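Everything numeric here is computed off the predicted structure, so don't read it as measured data.
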Amino acid sequence: MKALFSEIRGAVASTLILALVCCGLYPLIVFGIAQALFHDKANGSLIVEKDGTVRGSKLLGQQFAGEEYFHPRPSAAGNGYDAANSGGSNLGPTSQKLNDAIKDRIEAYRKENGLKETDGVPADAVTASGSGLDPHISLRNAVLQTARVAKARNLGEDKVRALIQQYTDSPDLGVLGEAGVNVLKLNLALDALEKK
């Protein structure tokens, strides 16, 4: 009986020590290192204004409506860009519902950006990303929206194109993926122009 209690005491002590190390000490060390070396990324890559107002994250898309803003990709996350419901629509290429939605989005995109019936529409303008929270649009998508945004804001198209170039993220390691325009950062930069 004495041996059994000795084994139980050892098991309980081991569990408590492992709980302290794995659930307390290790997370605190990782948290400390992250705050010291990667403060911005560890805190969500937030975009914070000078007055302390958080406008969003560089890593998460937001819904923008109105002619004066660049529009992001469609989102299937909840009611749109709802991080609590992140995910795709799970509609496949043979889904009639998806095909109808894409046709409607193509028609709406052409109409709002003054495109002809024969003009091509970028895929990212009419399809949602896998997470529904993608903060980027393709460079081509941004360029096609330039005339609408410039006209609505009473700006020259060259000035808007320069901002697009400024907020275009290059492919990872220079070769992986495509260049993408961060819609939130671009729209915030456009708003900042009007405040000046």
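Look at E157 and R161 and you find a salt bridge, because one of the NZ, NE, NH1 or NH2 atoms lies within 4.0 Å of a carboxylate O, short of that distance. Under the 4.0 Å criterion applied to side-chain N and carboxylate O atoms, D134 and R73 are assigned as salt-bridge partners.
No side-chain donor from either of Q63 and H71 sits under 3.5 Å from a side-chain acceptor of the other.
Shown here is Q35, whose CD atom has more than 12 heavy atoms of other residues, nucleotides or ligands within 6.0 Å. Enclosure of atom CD in E67 is not indicated, since only 12 or fewer non-hydrogen atoms of other residues, nucleotides or ligands lie within 6.0 angstrom.
Rounding to the nearest 0.5 Å gives a distance of 10.0 Å between OG of S129 and CG of D124. Note: I47 CD1 to L184 CG = 4.0 Å, rounded to the nearest 0.5 Å. To the nearest 0.5 angstrom, K41 atom NZ is 9.0 Å from L59 atom CG.
Between A125 and V121 the shortest heavy-atom distance is CB-CG1, 4.0 Å.
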Please set out all donor-acceptor pairs under 3.5 angstrom arising from side-chain atoms of residues 92-99, sequence neighbours excluded.
from : atom 1 : to   : atom 2 : distance (Å)
S95  : OG     : K97  : N      : 3.3
S95  : OG     : L98  : N      : 3.2
Q96  : NE2    : D100 : OD1    : 2.8
N99  : ND2    : S95  : O      : 3.3

Can you give the donor-acceptor pairs under 3.5 Å from side chains of residues 165-179 to other protein atoms, not counting sequence neighbours?
from : atom 1 : to   : atom 2 : distance (Å)
T168 : OG1    : I164 : O      : 2.5
D169 : OD2    : H136 : NE2    : 2.6

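Residues satisfying the ring pair (Phe, Tyr, Trp, His ring centres under 6.0 Å) test with F64, not counting sequence neighbours, are Y69.
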